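Have a look at the structure below before the remarks.
Throughout, a chain's letter reflects where its sequence line sits, starting with A, and its residues are numbered from 1. Bear in mind the structure is a predicted one, so any value in this text is a computation, not a measurement.
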Protein chains: 2
Amino acid sequence: MFSKSCKYAMRAVLYLAIHSDAEHKLGVKETSEALEVPGPFLAKLLQQLSRHHLISSTKGPNGGFFLSEANSKANLRGVVESIDGPEVFSSCILGLPVCSSTNPCPLHSRALIYRQGLLELVEDQTIKEVAHRVERQELKI
Amino acid sequence: MFSKSCKYAMRAVLYLAIHSDAEHKLGVKETSEALEVPGPFLAKLLQQLSRHHLISSTKGPNGGFFLSEANSKANLRGVVESIDGPEVFSSCILGLPVCSSTNPCPLHSRALIYRQGLLELVEDQTIKEVAHRVERQELKI
DNA sequence: TTATTAAAAGATAAAAATATCTTTTATTCT
DNA sequence: AGAATAAAAGATATTTTTATCTTTTAATAA
């Protein structure tokens with residue numbers, strides 16, 4: 001499914017959505033400890049997300065990572081595509097290099113449906129909305 | 001999604017379903033060349049499938065891999081679970097070690113739906129049925 | 001029963017993903 | 001301006017996955 005990196009990234013983004021804003025930034029250390037993921041590795045992922053403008057960051061004292069208003073109004077699709085690449089939503093389920101409706105693998109049409117579900121999963125709610133649900137329902141991330 | 005190994009395995013099983021039976025067994029070489037996958041690597045996968053009785057094999061002259069009638073009446077789920085493990089259909093989409101309906105991650109309920117689709121994809125037709133479609137519609141594998 | 005064939009098993013290697021460590025750069029505060 | 005802080009960037013290490021190679025075992029056929 002999604003790579004370990006991608007899962008770390010999604011969880012980190014949700015954590016930032018809940019615990020950070022432009023006035024309260026979070027360091028890698030706090031975030032990685034809260035999520036129990038390797039700190040230096042998460043740092044790389046957050047840097048990558050920041051470069052792609054999916055999260056925000058500043059250096060120096062009181063600096064750190066955070067979600068801007070704009071960031072939190074986006075959905076998780078961008079995060080997934082930034083880490084695992086856009087192909088996760090389109091690549092052939094049998095791994096064929098070319099597989100399309102005109103030239104399909106035997107599972108193609110069914111795979112389309114399943115894949116649509118996957119896309120909706122990360123696309124039909126904003127990060128902010130997911131984060132709110134986590135808070136209201138005390139969900140784990 | 002599925003690992004490269006798993007994709008190779010599914011394609012090989014379909015290839016065997018089409019081109020082999022108890023009287024016409026196929027060697028690793030022919031199969032790997034037809035599918036353009038690394039031979040020694042495919043050999044390992046086929047051995048594993050054979051150990052799990054998802055495909056059949058015999059040694060010696062005229063030996064090789066093939067699908068028995070029983071093998072081809074099964075579906076692809078067993079193949080996937082044999083290679084990637086049963087967790088592919090149940091593990092948390094965010095990678096949380098525990099994630100259930102009583103203790104869900106924020107994407108849990110939606111992930112259930114998508115995952116159901118994935119399961120149906122490999123479960124609701126027999127290998128034989130898929131193979132027939134490949135032949136009738138000249139699909140690639 | 002001997003030679004041959006092909007899978008099974010075991011050992012090794014290469015590549016990719018995951019994880020860590022060090023140095024540099026930007027920012028803030030004193 | 002200088003010290004401190006934290007991300008950015010770069011280099012390195014470990015683990016897992018993917019791939020290959022060699023030896024052994026089982027089966028067939030001559």
Side-chain angles (χ1 to χ4, degrees), chain A residues 1-12 16 20 22-33 35-68 71 80 82-85 87-88 91 95, chain B residues 1-12 16 20 22-33 35-68 71 80 82-85 87-88 91 95:
Chain A
M1 166 81 57
F2 298 139
S3 68
K4 218 166 171 179
S5 295
C6 186
K7 291 168 179 169
Y8 288 169
M10 287 192 286
R11 292 172 62 208
L16 291 176
S20 84
E23 280 75 48
H24 304 88
K25 296 156 192 170
L26 298 183
V28 169
K29 193 155 182 292
E30 167 176 351
T31 308
S32 68
E33 286 174 356
L35 300 178
E36 300 186 83
V37 306
F41 189 64
L42 183 63
K44 288 293 179 195
L45 296 172
L46 293 178
Q47 282 164 27
Q48 188 175 337
L49 293 174
S50 182
R51 270 199 305 277
H52 287 82
H53 306 293
L54 299 162
I55 68 175
S56 307
S57 68
T58 63
K59 297 181 177 183
N62 296 317
F65 295 96
F66 65 102
L67 292 209
S68 68
N71 292 151
V80 171
S82 169
I83 303 293
D84 277 356
E87 322 81 52
V88 288
S91 62
Chain B
M1 167 80 57
F2 299 139
S3 68
K4 217 165 171 179
S5 295
C6 186
K7 291 168 179 170
Y8 288 169
M10 289 192 284
R11 292 172 61 208
L16 291 176
S20 84
E23 280 75 48
H24 303 87
K25 295 157 192 169
L26 297 184
V28 169
K29 194 156 182 289
E30 166 177 349
T31 309
S32 69
E33 286 174 356
L35 300 177
E36 300 185 85
V37 307
F41 190 64
L42 183 63
K44 288 295 179 193
L45 297 172
L46 292 178
Q47 283 164 27
Q48 188 175 338
L49 293 175
S50 182
R51 271 198 306 276
H52 288 83
H53 306 293
L54 299 163
I55 67 175
S56 306
S57 68
T58 63
K59 296 180 176 182
N62 297 317
F65 294 96
F66 66 101
L67 291 209
S68 68
N71 291 152
V80 171
S82 169
I83 303 293
D84 277 356
E87 323 79 54
V88 288
S91 62

Measure [atom1]/[X] against [atom2]/[N] and give the value in whole Å, please.
| X | N | atom1 | atom2 | result |
| --- | --- | --- | --- | --- |
| B/E30 | C/dA6 | CD | P | 11 Å |
| A/E36 | C/dA19 | CD | C1' | 17 Å |
| B/H53 | C/dA8 | NE2 | P | 11 Å |
| B/Q48 | D/dT18 | CD | C1' | 13 Å |
| B/I83 | D/dA19 | CD1 | P | 13 Å |
| B/L46 | D/dA19 | CG | P | 14 Å |
| B/K4 | C/dA16 | NZ | P | 8 Å |
| B/F65 | C/dA7 | CZ | P | 5 Å |

**Asked** When the nearest nucleotide of DNA chain C is assigned to A/L42 and to B/V28 on a heavy-atom basis, which residue is associated with the more 5' position?
**Response** B/V28
Closest heavy-atom pair and its distance - [X], [Y]:
| X | Y | answer |
| --- | --- | --- |
| B/S5 | B/L45 | O-CD1, 3.5 Å |
| B/L46 | B/L16 | CD2-CD1, 4.3 Å |
| A/V80 | A/F2 | CG1-CE2, 3.6 Å |
| A/S20 | A/L26 | CB-CG, 4.0 Å |
| A/A12 | A/T31 | CB-CG2, 4.4 Å |

**Request:** Please tell me which of the listed nucleotides, C/dT18, D/dA9, C/dA9, lies nearest to the side chain of A/F41?
**Result:**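 Minimum distance to the A/F41 side chain belongs to C/dT18.
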**Item:** Among C/dC21, D/dA19, C/dT18, the one nearest B/Y8 by side-chain distance
**Value:**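 Among C/dC21, D/dA19, C/dT18, the one nearest the side chain of B/Y8 is D/dA19.
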**Fill in**
Taken to the nearest 0.5 Å, the spacing of A/I55 CD1 from A/F65 CZ works out to 5.5 Å
Would you state whether a donor and an acceptor, one from the side chain of [X] and one from the base of [N], lie under 3.5 Å apart?
| X | N | answer |
| --- | --- | --- |
| A/Q47 | D/dA7 | no |
| B/K29 | C/dA6 | no |
| B/K44 | C/dA9 | yes |

**Message:** Please list all pairs meeting ring-ring contact (aromatic ring centres under 6.0 Å, His included) that have one or both residues in residues 40-60 of chain B, counting only residues at least two apart or in different chains.
**Reply:**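 Residue pairs with at least one partner in residues 40-60 of chain B: B/Y8-B/F41.
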Have a look at [X] and say if it touches a base, only the backbone sugar-phosphate, or nothing, with a 4.0 Å heavy-atom cut-off.
| X | result |
| --- | --- |
| B/P40 | base |
| B/L45 | nothing |
| A/L26 | sugar-phosphate |
| A/F66 | nothing |

Between [X] and [N], is there a side-chain N or O to OP1/OP2 distance below 4.0 Å?
| X | N | value |
| --- | --- | --- |
| A/S5 | C/dT18 | yes |
| B/S57 | C/dA8 | yes |
| A/S50 | D/dA7 | no |
| B/R51 | C/dA7 | no |

Polar pairs (N or O, both sides) under 3.5 Å between protein and nucleotides 27-29 of chain C?
unit_1, atom_1, unit_2, atom_2, d
C/dC29, OP1, A/N62, ND2, 3.3

**Message:** Looking at B/V88, is its backbone amide N or carbonyl O close enough to the side chain of B/S91 to form a donor-acceptor pair, meaning the two atoms are under 3.5 Å apart?
**Reply:**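 No: the side chain of B/S91 does not pair with the backbone of B/V88.
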